[in-house]
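As the structure is a computational prediction, the values presented were derived from the model and not from experiment. Residue numbers begin at 1 in each chain, while the letters A, B, ... track the order of the sequences.
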2 protein chains.
Amino acid sequence: MKLSDGVEWALHCCTVLAFVPRGSALPAGRLAEFHGVPTAYLAKHLQALSRAGVVESVAGPRGGYRLSRPPEEITLYDIVAAVEGTAPAFRCTEIRQRGPAALPAREYKAACLITQAMHRAEAAWRAELQSQTLAGLIAELTGAIPPRSVEKAARWFQEVLR
Amino acid sequence: MKLSDGVEWALHCCTVLAFVPRGSALPAGRLAEFHGVPTAYLAKHLQALSRAGVVESVAGPRGGYRLSRPPEEITLYDIVAAVEGTAPAFRCTEIRQRGPAALPAREYKAACLITQAMHRAEAAWRAELQSQTLAGLIAELTGAIPPRSVEKAARWFQEVLR
DNA sequence: GTCCCTATACTCGGATAGCAAGTGTCCGAGTATAGGCGG
DNA sequence: CCGCCTATACTCGGACACTTGCTATCCGAGTATAGGGAC
């Protein structure tokens with residue numbers, strides 16, 4: 001089981017985008033530069049965020065990406081699901097309906113108990129991510145990030161959003 | 001994010017192995033036949049269960065696999081972890097230490113907050129799986145499985161364990 | 001009849017190909033901007 | 001001096017190669033069994 005690297009990138013990008021002034025936007029190239037990752041590949045994941053309605057894109061010069069909702073209304077699950085998809089990690093192939101103890105398909109009305117157990121675990125995972133908003137994450141960040149880093153980031157913002 | 005098919009197979013196999021009389025064992029070939037899956041590939045996952053200490057193997061004729069502990073002491077997480085590994089699904093690559101706002105590496109003492117949040121979610125997933133034992137699953141199963149299927153399975157057991 | 005020995009056949013275990021999905025990259029379509037031109 | 005038009009350059013979006021890890025398979029090492037022979 002492995003999550004795409006894009007999930008990490010998307011979470012960091014959304015955190016940065018939360019500091020973009022209302023009305024402005026940040027291009028994919030600037031975001032990639034800020035995080036030191038390949039531009040083209042990051043763009044791919046930003047498109048996924050755009051399709052999911054987490055961020056919105058504006059074309060042309062002075063264009064780029066910005067959050068489409070206030071950070072209070074964006075959960076970490078929204079971001080993860082946008083990149084990773086909403087399909088369950090555990091997929092039941094109904095092997096109980098095969099082999100010497102199998103019955104005709106119509107006999108299996110109730111869902112497989114093993115599948116239910118695995119889905120409960122995934123639900124717990126989703127619930128934990130849904131309980132955390134982007135705003136909450138940023139609130140934690142304030143005070144946890146070294147002041148010098150905040151200063152450098154602010155300077156970079158000044159230059160890029162100019 | 002996708003779990004290996006082997007996880008589903010392993011869970012079903014352990015459920016079946018719980019019904020093997022103490023002292024006996026069930027070969028990989030019989031387990032594969034019971035579930036209608038490729039023998040060689042299932043064997044690979046049974047080896048993983050064996051390495052993890054969930055099942056134990058006995059070689060030679062009348063050999064095979066059996067649970068190495070009573071079902072009360074085997075959690076669903078034990079089985080999933082044996083097949084899938086214990087590495088976290090979310091891997092932090094420390095992109096916060098790159099780009100124009102980065103500081104020298106020694107400045108980053110505290111763990112990345114985004115990573116902490118993702119790890120909390122995975123912990124919730126693990127906790128849910130750890131709270132369920134194989135014995136509990138089997139208790140649920142009793143009464144949920146159609147009587148005709150139980151009968152066919154019992155007949156097959158008679159023939160195989162003979 | 002009982003014990004021992006040997007050959008057998010069955011088991012697991014790790015090493016080996018094939019394939020799908022994630023990783024990484026590129027170029028084309030669309031648009032807001034900025035400059036120039038005319039009134 | 002002001003408004004309009006056009007050319008520009010910058011943005012996103014989807015289509016195209018490559019690599020890693022999951023899927024599937026095979027053959028060899030080891031062992032408990034079963035049968036036969038000797039006592």
Please output the side-chain donor-acceptor pairs of residues 102-111 of chain B that fall under 3.5 Å, not counting sequence neighbours, one pair per line with the distance.
from	atom 1	to	atom 2	distance (Å)
Y108(B)	OH	R96(B)	O	3.3
Y108(B)	OH	L103(B)	N	3.2

For atom [atom1] of [X] and atom [atom2] of [N], their distance in whole Å:
{"X": "L46(A)", "N": "dT11(D)", "atom1": "CG", "atom2": "C1'", "answer": "13 Å"}
{"X": "R91(B)", "N": "dT20(D)", "atom1": "CZ", "atom2": "P", "answer": "14 Å"}
{"X": "D5(A)", "N": "dG21(D)", "atom1": "CG", "atom2": "C1'", "answer": "13 Å"}
{"X": "E8(B)", "N": "dC22(D)", "atom1": "CD", "atom2": "C1'", "answer": "15 Å"}
{"X": "L26(A)", "N": "dC10(D)", "atom1": "CG", "atom2": "P", "answer": "16 Å"}
{"X": "E84(A)", "N": "dA21(C)", "atom1": "CD", "atom2": "P", "answer": "13 Å"}
{"X": "K44(A)", "N": "dC12(D)", "atom1": "NZ", "atom2": "P", "answer": "15 Å"}
{"X": "Q47(A)", "N": "dG30(C)", "atom1": "CD", "atom2": "C1'", "answer": "14 Å"}

Counting heavy atoms from C-beta on, name the nucleotide in [options] closest to the side chain of [X].
{"X": "P27(A)", "options": "dT11(D), dT33(D), dG13(C)", "answer": "dT11(D)"}
{"X": "S57(A)", "options": "dG13(D), dC26(C), dC12(C)", "answer": "dG13(D)"}
{"X": "P61(A)", "options": "dA34(D), dA32(C), dC26(C)", "answer": "dA32(C)"}

Any chance you could measure [X], atom [atom1], to [Y], atom [atom2], to the nearest 0.5 Å?
{"X": "M118(A)", "Y": "W125(B)", "atom1": "CE", "atom2": "CH2", "value": "5.5 Å"}
{"X": "L42(B)", "Y": "C13(B)", "atom1": "CG", "atom2": "SG", "value": "4.5 Å"}
{"X": "H119(B)", "Y": "R126(B)", "atom1": "NE2", "atom2": "CZ", "value": "8.5 Å"}

*Between A59(B) and A59(A), name the one whose nearest nucleotide on DNA chain D is closer to the 5' end.*
A59(A)

*Does A28(A) or K2(A) map to a spot on DNA chain D nearer the 5' end, using the closest nucleotide for each?*
A28(A)

[N] phosphate, OP1 or OP2: any side-chain N/O from [X] under 4.0 angstrom?
{"X": "Y41(B)", "N": "dT23(D)", "value": "yes"}
{"X": "S50(B)", "N": "dC12(C)", "value": "no"}
{"X": "R51(A)", "N": "dG14(D)", "value": "yes"}

Under 4.0 Å, heavy atoms only, any strand: does [X] hit a base, just the sugar-phosphate, or nothing?
{"X": "G29(B)", "result": "nothing"}
{"X": "G6(A)", "result": "nothing"}
{"X": "T39(B)", "result": "nothing"}

*Classify the angle between the aromatic ring planes of H12(A) and H35(A) as parallel (below 30°), tilted (30 to 60°) or perpendicular (above 60°).*
perpendicular

*Would you kindly compare V58(A) and S4(A) by the position of their nearest DNA chain C nucleotide and give the one closer to the 5′ end?*
S4(A)

